[in-house]
Protein chains: 2
Amino acid sequence: MGKLDFAPIADTTRRAEIVALLRRAILTGQLEPGQKLNELRIAEQMRVSRAPLREAMRELVQEGILTSIPYAGTFVIDVTAKDIDDAYSLNKVLDEFAIELTWPLRDQRFFDELDRRHEAVKQATRDRDTTRQIETALQLHGLIHEWADNSVLLETWQRLTSRLQMYFALHQRARKEPVPDEDIHETYVRLLKGADMRAAQSHAREHIGLDFEELLAYARSLEQRDSKGAKADRAGPTRNRPEAS
Amino acid sequence: MGKLDFAPIADTTRRAEIVALLRRAILTGQLEPGQKLNELRIAEQMRVSRAPLREAMRELVQEGILTSIPYAGTFVIDVTAKDIDDAYSLNKVLDEFAIELTWPLRDQRFFDELDRRHEAVKQATRDRDTTRQIETALQLHGLIHEWADNSVLLETWQRLTSRLQMYFALHQRARKEPVPDEDIHETYVRLLKGADMRAAQSHAREHIGLDFEELLAYARSLEQRDSKGAKADRAGPTRNRPEAS
DNA sequence: GAGAAGCAGACTGTCGACAATCTAACAAGA
DNA sequence: TCTTGTTAGATTGTCGACAGTCTGCTTCTC
């Protein structure tokens, strides 16, 4: 028999597609932080009953980008400066760990994939497609986590990434100029190809820190604005989180 | 008006209670790894319809202790030696980070809570209650993550803990003698109260390593046994994970 | 007897309807 | 005018039933 490996066919349940749709809507900022998701309306728009929609929402709640309050509703999570700070500081630790694990596993296929993803970022930058630029940049950074051969690490990073992507989208959407960021990733890629692991680790930490400071400042300005009243329609969940212990 | 703070009342939806029930059943080993969860049977036993049960199961899938295959069923995750290895190595990194964050925040309340949880472990040990011993030991180790004031870290650790608790339960259930482990935590607690952060960090790494080796050896022996046939009724999910990208 | 086609049976996925709960507007009383 | 009780509307939580899919057995053919 032939040695051809077939890729598994796509999961074809309504629930899975709803999850993908909702996740994309949230991560690209089409659904704003704090916004309430009306089950009936969304179900009608998607031509789906509420059952699979609700199951999809439960998944996204556990994924950390939605939050649910019993009998009140399900909301897109609110972005606080502290959340961003927390996520980034943990991300640094994970990056360092991922580089350590990936380092001895690097091979030609790794370098090729690294270049491919780097090229995708540059392409998105040329196209002035900010949404895609965020996506591709995160995919570039995700390579070390995928390559590290530690499923728990990968899973953790992906969860963190969801949130970071949300924050970035919020940020990018807010600022006027589409995007400057010419080629910050150049050094990152070069170091990952090099021989000095420590250098790669500390650069990852530095580099991430840069975008971060700007994002954090933006988040803080948002909070200042919000706290001065004018809370708009973004219903503020005031009760406890649904996560039981 | 008075300054009394009321705690938020308990979330009282069937779904939340089902989640708690199922999680406990899985973490204590009442539901074995690989076992399939029959929706109809469980729903009848709990006197609940399938809707909230299914939603609860979606949450636990995202929590990482169940795995779902469309049109085939939902299963308790299988424990592989690699999973344990992955989880533990990440756990070390997280512990180190948590100690770093917690260190400057330690105060009298921290030390009191530390002693309280340490005492709970010793009590469970005296009672020869292995399940509770696992629970309390993990709670003791969780304190640094709770105290670190980083919600993302805490969430990540709790997710990891779920899995570790499962593995521990499996292990404890298997070995004959109830439990030796007199007071390994004594040093850990003392170092956390001390002045040398590095020492505390490296001890956390060492200490965790101990239990780990034993657990890992057990997992490997399990896999050897399984691969020699006799796969029992534990239906092995052979298709792809449901997690779409 | 071996292998393919077809056929129940069981189970998961989805739907529409009902029950429980919350919110906000309104009325009544001090 | 402020507080409290009431009520209607909207929304979420739950239920029972139906449809789609998989699995294992049976049957038929060679």
Side-chain angles (χ1 to χ4, degrees), chain A residues 1 8-22 31 34-62 66-76 231 233-244, chain B residues 1 8-22 34-62 66-76 231-244:
Chain A
M1 31 178 115
I9 65 171
D11 294 336
T12 174
T13 74
R14 297 195 197 288
R15 183 182 68 237
E17 296 202 30
I18 295 171
V19 167
L21 268 177
L22 280 182
L31 286 171
Q35 188 173 349
K36 176 174 174 179
L37 277 66
N38 185 311
E39 297 179 1
L40 210 53
R41 182 158 55 236
I42 296 179
E44 282 174 0
Q45 289 178 354
M46 291 188 179
R47 305 290 180 81
V48 175
S49 83
R50 283 174 55 220
L53 172 62
R54 281 173 60 86
E55 291 185 18
M57 287 164 85
R58 284 323 135 220
E59 291 192 20
L60 294 177
V61 165
Q62 284 307 104
L66 290 182
T67 177
S68 162
I69 302 176
Y71 292 107
T74 305
F75 307 81
V76 180
K231 294 183 180 175
D233 58 341
R234 294 170 38 189
T238 49
R239 286 166 51 181
N240 60 316
R241 290 280 192 86
E243 303 147 333
Chain B
M1 25 177 123
I9 65 171
D11 295 335
T12 173
T13 73
R14 296 195 196 289
R15 183 183 68 239
E17 296 202 29
I18 296 172
V19 167
L21 267 178
L22 280 182
Q35 188 173 348
K36 175 174 175 178
L37 277 65
N38 185 312
E39 297 178 1
L40 209 52
R41 181 157 54 237
I42 296 179
E44 281 174 0
Q45 289 178 356
M46 291 188 180
R47 305 289 180 83
V48 175
S49 83
R50 285 174 54 219
L53 172 63
R54 282 174 60 87
E55 291 185 17
M57 286 164 83
R58 282 326 131 214
E59 291 192 21
L60 294 177
V61 165
Q62 283 309 104
L66 289 183
T67 178
S68 162
I69 302 175
Y71 294 106
T74 305
F75 307 81
V76 179
K231 293 183 179 174
D233 59 341
R234 295 171 37 190
T238 48
R239 287 169 47 182
N240 60 316
R241 289 282 192 84
E243 301 147 332

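In what follows, every chain begins at residue 1, and chains take the letters A, B, ... in the order their sequences are listed.
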- Message: Checking side chain to side chain contact (heavy atoms under 4.5 Å, CB included) between B:Ile42 and each of B:Leu21, B:Leu37, B:Ile18, which is the one that passes?
- Response: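 Filter result, single survivor: B:Leu37.
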
_Pick the closest DNA chain D nucleotide for A:Ala51 and for A:Thr74 by heavy atoms, then say which residue is nearer the 5' end._
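Comparing both residues, the 5'-ward one is A:Thr74.
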
*asked:* OP1 or OP2 of C:dT14 versus the side-chain N and O atoms of A:Ser49: is any pair under 4.0 Å?
replied: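 It does not, given that no N or O in the side chain of A:Ser49 lies less than 4.0 Å from OP1 or OP2 of C:dT14.
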
Nucleotide nearest [X] when distance is taken to its side chain, options [options]:
X       : options                : result
B:Asn38 : D:dT11, D:dC15, C:dT12 : C:dT12
A:Tyr71 : D:dC22, D:dC15, D:dG13 : D:dG13
A:Lys36 : C:dG13, D:dC15, D:dT11 : D:dT11
A:Arg58 : D:dG13, C:dC11, D:dT12 : D:dG13

Q | Nearest heavy-atom neighbours spanning A:Met57 and A:Leu66 | A |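 Answer, listing the atom of A:Met57 first, then A:Leu66: O-CD1, 4.0 Å.
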
Starting at [atom1] of [X] and ending at [atom2] of [N], how long is that distance when rounded to a whole Å?
X       : N      : atom1 : atom2 : answer
A:Arg14 : C:dG16 : CZ    : C1'   : 14 Å
B:Glu55 : D:dC15 : CD    : C1'   : 12 Å
B:Arg54 : D:dA17 : CZ    : P     : 17 Å
A:Glu44 : D:dA10 : CD    : C1'   : 13 Å
A:Arg41 : D:dT11 : CZ    : P     : 7 Å
A:Glu39 : D:dT11 : CD    : P     : 11 Å
B:Arg50 : C:dT14 : CZ    : C1'   : 9 Å
A:Arg15 : D:dG20 : CZ    : C1'   : 14 Å

Query - salt bridge (charged side-chain N to carboxylate O under 4.0 Å, His left out) partner of B:Glu55, the single match among A:Arg58, A:Arg15, A:Arg50 - result: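 Answer to the salt bridge (charged side-chain N to carboxylate O under 4.0 Å, His left out) test with B:Glu55 among A:Arg58, A:Arg15, A:Arg50: A:Arg58.
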
message = Regarding A:Leu37, tell me which of base, sugar-phosphate or nothing describes its non-hydrogen contacts under 4.0 Å with the strands shown.
response =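 The answer is sugar-phosphate, as A:Leu37 gets under 4.0 Å only of primed atoms, P, OP1 or OP2.
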
With side chains defined as the heavy atoms from C-beta onward, is the minimum distance between B:Thr67 and B:Thr74 less than 4.5 Å?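 No - every pair of side-chain heavy atoms lies 4.5 Å or more apart.
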
Using side-chain heavy atoms (C-beta onward) and a distance below 4.5 Å, is A:Leu22 in contact with A:Leu53?
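Result yes, sub-4.5 Å side-chain heavy-atom pair found.
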
